[in-house]
Participant: 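Structure below; questions to follow.
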Number of protein chains: 2
Amino acid sequence: MTKIDDVARLAGVSTATVSRALRGLPTVSQATRDRVLAAAAQLGYAASPSASRLAGGKTGAVAVVVPRITRWFFATVVEAAEEALHRGGYDLLLHNLGGSETERQRLLYTAALHKRVDALMLVATPLQGPDLHAVTSLALPGVTVSSGTGVPGWPSIRIDDVAAARTATTHLIECGHRRIAHISGDPADELAFTTHIDRRRGYREALGAAGITPDPALDVEEEFTVAGGERAVAELLRRGTPPTAIFAACDEIAMGAMAGLRQAGLKVPADVSVIGIDDHDLAGVVGLTTVAQPAAEQGRLAANVLLTPLTGGDYPGEETVILPTRLIVRESTAPPRAN
Amino acid sequence: MTKIDDVARLAGVSTATVSRALRGLPTVSQATRDRVLAAAAQLGYAASPSASRLAGGKTGAVAVVVPRITRWFFATVVEAAEEALHRGGYDLLLHNLGGSETERQRLLYTAALHKRVDALMLVATPLQGPDLHAVTSLALPGVTVSSGTGVPGWPSIRIDDVAAARTATTHLIECGHRRIAHISGDPADELAFTTHIDRRRGYREALGAAGITPDPALDVEEEFTVAGGERAVAELLRRGTPPTAIFAACDEIAMGAMAGLRQAGLKVPADVSVIGIDDHDLAGVVGLTTVAQPAAEQGRLAANVLLTPLTGGDYPGEETVILPTRLIVRESTAPPRAN
DNA sequence: CTGAAAGCGCTTACAG
DNA sequence: CTGAAAGCGCTTACAG
């Protein structure tokens, strides 16, 4: 393996100069830089990251933490972040909690992040108490995406979940619905997401504004997955008179709900309207009305917010960037059946 | 930051002994080990990965390369691999090619992998010529998942794509179809996946076995996405008499095709049957008949194949592990309309 | 603009 | 079973 000494020798300079030239530091004359670059190219030299990290104190990597990479929103955020990070010359260490508290413990208390990265991106991973302390004591710059609980000093990129939920619910109300069910976050969720809390709040606010009293029988807690949506519908039907509309806290739940309704012999939207939040890739396929959120943009923005200080720019510190959402009406919502 | 010397001092041993004790090497007495562990715990010490890597020559990381993390199959493979890798104490560096040749060039020719990882997992990323050489010259153990072109000396985990396609097509034939369209890989694809080649072969073999002559007008090339499926259906309809059934090379295409058919006023399966390959999370939701493949298991197996040699076990070297697929009949396939 | 030298914080033969 | 010492391959003040 060729190392920096080989390049130095070939270029006729010191290793310090090779190091400076290769990293593009300004204090190298053009002629010297050219010579070093040529030598490095000729030898096919690339610095050893381990050695650079140890000597330089920078890892050149960013850790990205997501609850479940298999969910549309998280995969989309990661894809966009990955591109921005690599473009900026950073590696991306992926941590997928897989919905498991054990995994989260490992991440937080096992030195898994210790001196491995220069910055952190926490996607929908709210932290409190000792968990939060475990992260802040890393003393790294970071950014949260769609996290209910922000990290002190970190910027936060997200949408206004309350408003998005209000938009969704209001759309159903404007269609003429009054018996509007809601399916949202699982209280048994080990990771304690908070997104569903805000969405439920928006749901209630919209009902309230229309003078509709929230009916607990129409409010089901389930996980943010297709299977969760199916189970929730079964539960709703078990409880008695079905709603005429369902606001699902995310598109995966919504699509699961649509499937559940169909299995129960109910037609969407003739019998029951369904709306979600996300604008999942497949929302168009199943004709799902939804409140779209810019997932890729959140990932890209978050990556850039991290890249800026890492490359000498200013770290924004604690601030909140709220990205816009928009209602997309498809075929899953309609006025309730006249009766 | 506490370092190894601090622990050594507190435990009253040399740094060499601290290093050995903490890594669980056998050549340390139990009493000494206990003392070192206690000292490390008391100081909250964890070794600096950069220093360990430089001194030890191992990075403790594995790179996973996927075409598009947003596609169901890849996200599922990565999720399973991530869990196995972290469980084994390895970091996962994610590389998402994003369907872009530029990204692939960066990965291959930019030292992005140079001395950063101990092993490589290539998912559906066939390599040839100089690209293949760029990877093999890294001289790292690796594994390919569902890659058409294997890497010499590496194990390969996949399904039998030809057989899966044959199963899908045969199911349609057994339903009574003769005009069976196929939608598969995009020839313009920059990454040159090969999966679609095998699946197209299986399609033709099944037709041949049933004495059906493949009709080029029924064979459309499109990318493996929902949008690709929608476009493909539009193209099929533009070409004239629609088929009575469609075999889509993956579930995303299949679901896009279902949407396209619906938009064209055609009913599935009454007018056109549709079958895919994958058993995507949402296949059940849209009632898609498909040939299921074990995505998570492929990811888990691939990770373990890598972990084994990394932890002292035997690297299998070049060998192919074929995992089973199975037909799941739902509502999207039925006999053709009598006429 | 460039170089000599120290130092980053570990691990690994080598001895004992 | 344990330690002293060298070494991993860079980067960073410090001088000039």
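In what follows, chains carry the letters A, B, and so on, assigned in the order in which the sequence lines appear, proteins first and then strands, with residues in each chain numbered from 1.
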Participant: How many angstroms lie between atom OG of B:Ser146 and atom CZ of B:Arg158, to the nearest 0.5 angstrom?
Facilitator: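 So the gap between those two atoms works out to 9.0 Å.
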Participant: Is B:Thr27 touching bases, backbone alone, or none of the nucleic acid, heavy atoms closer than 4.0 Å?
Facilitator: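 Contact class for B:Thr27: base.
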Participant: When the distance from CG of B:Asp5 to C1' of C:dC10 is rounded to whole Å, what number comes out?
Facilitator: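 Spelled out: CG on B:Asp5 to C1' on C:dC10 is 9 Å.
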Participant: Quick one: is A:Ser29 getting a side-chain N or O under 4.0 Å of the C:dT2 phosphate, OP1 or OP2?
Facilitator: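 Affirmative; the distance criterion is met.
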Participant: Report the residue (B:Arg20 or B:Leu54) whose heavy-atom-nearest nucleotide on DNA chain C is the more 5′ of the two.
Facilitator: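 The answer here is B:Leu54.
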Participant: Indicate whether OP1 or OP2 belonging to D:dT11 is found under 4.0 Å from a side-chain N or O atom of A:Arg23.
Facilitator: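 A:Arg23 to D:dT11 OP1/OP2: side-chain N or O found under 4.0 Å.
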Participant: Are any of B:Thr17's side-chain N or O atoms less than 4.0 Å away from OP1 or OP2 of D:dG3?
Facilitator: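 For B:Thr17, the contact criterion (side-chain N or O under 4.0 Å from OP1 or OP2 of D:dG3) is met.
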Participant: Kindly indicate whether the side chain of A:Arg53 and the base of D:dG9 share any N or O donor-acceptor pair separated by less than 3.5 Å?
Facilitator: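 No, no donor-acceptor pair under 3.5 Å.
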Participant: Would you say B:Thr32 reaches D:dC1's phosphate, i.e. side-chain N/O to OP1/OP2 under 4.0 Å?
Facilitator: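 Result: no.
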Participant: Could you tell me the separation between the CZ atom of B:Arg9 and the C1' atom of D:dA4, rounded to a whole number of Å?
Facilitator: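 The distance from CZ of B:Arg9 to C1' of D:dA4 comes to 16 Å, rounded to the nearest Å.
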Participant: Please determine if A:Arg68 and B:Glu79 form a salt bridge, counting it only when a charged side-chain N lies under 4.0 Å from a carboxylate O.
Facilitator: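 Yes.
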Participant: Using a heavy-atom cut-off of 4.0 Å across all strands, would you classify A:Ala16 as base, sugar-phosphate, or nothing?
Facilitator: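 Base contact - A:Ala16 has a heavy atom under 4.0 Å of at least one base atom.
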Participant: Can you tell me the distance, in whole Å, between the CE atom of A:Met1 and the C1' atom of D:dG7?
Facilitator: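 Taking CE of A:Met1 and C1' of D:dG7, I get 18 Å after rounding.
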Participant: Would you say B:Ser14 places a side-chain N or O within less than 4.0 Å of OP1 or OP2 belonging to D:dA4?
Facilitator: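 Answer is no, no contact under 4.0 Å.
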Participant: Quick one: CD on A:Gln105 to CG on A:Asp131, what's the gap to the nearest 0.5 Å?
Facilitator: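 With rounding to 0.5 Å, CD (A:Gln105) is 6.0 Å from CG (A:Asp131).
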Participant: Report the residue (B:Pro26 or B:Ala55) whose heavy-atom-nearest nucleotide on DNA chain D is the more 5′ of the two.
Facilitator: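 Residue closer to the 5' terminus by nearest nucleotide: B:Pro26.
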Participant: Distance check needed: D:dC10 C1' versus B:Lys115 NZ, whole Å only.
Facilitator: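 It is 11 Å, rounded to the nearest whole Å.
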Participant: What is the distance from CG of A:Leu22 to P of D:dT11, rounded to the nearest Å?
Facilitator: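 Nearest whole value for this atom pair: 8 Å.
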Participant: Write down the partner of D:dA4 under the Watson-Crick or G-U wobble criteria, each distance required to be under 3.5 Å.
Facilitator: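 Paired with no nucleotide.
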Participant: Counting Watson-Crick and G-U wobble pairs only, both distances under 3.5 Å, name the nucleotide matched with D:dA13, or none.
Facilitator: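 Result: none.
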Participant: Below the 4.0 Å mark, does D:dT11 have OP1 or OP2 next to a side-chain nitrogen or oxygen of A:Thr15?
Facilitator: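 Checking A:Thr15 against D:dT11: no side-chain N or O falls below 4.0 Å of OP1 or OP2.
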Participant: Output yes when B:Lys3 and B:Asp6 qualify as a salt bridge under the 4.0 Å nitrogen-oxygen rule, no when they do not.
Facilitator: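 Salt bridge: no.
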Participant: Over how many whole Å does the gap from A:Leu25 atom CG to D:dT12 atom C1' extend?
Facilitator: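 In whole Å, D:dT12 C1' lies 10 Å from A:Leu25 CG.
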Participant: Would you kindly give the CD1-to-C1' distance between A:Ile4 and C:dT2, to the nearest whole Å?
Facilitator: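 For the pair A:Ile4 CD1 and C:dT2 C1', the rounded distance is 14 Å.
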Participant: Please report the shortest heavy-atom distance between B:His86 and A:Arg106, naming the atom on each side.
Facilitator: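 What the structure gives for the nearest pair is O-NH1, 4.0 Å.
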Participant: Return the 5'-most residue of the pair B:Gly56, B:Gly12 with respect to DNA chain D, ranking by each residue's nearest nucleotide.
Facilitator: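 Nearest nucleotide further toward 5': that of B:Gly12.
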Participant: Answer whether the closest heavy-atom distance between the side chains of A:Leu113 and A:Leu120 falls below 4.5 Å.
Facilitator: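 Yes, side chains in contact.
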Participant: Grab the CG-C1' distance between A:Asp6 and D:dG9 for me, whole Å please.
Facilitator: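 Whole-Å distance recorded here is 11 Å.
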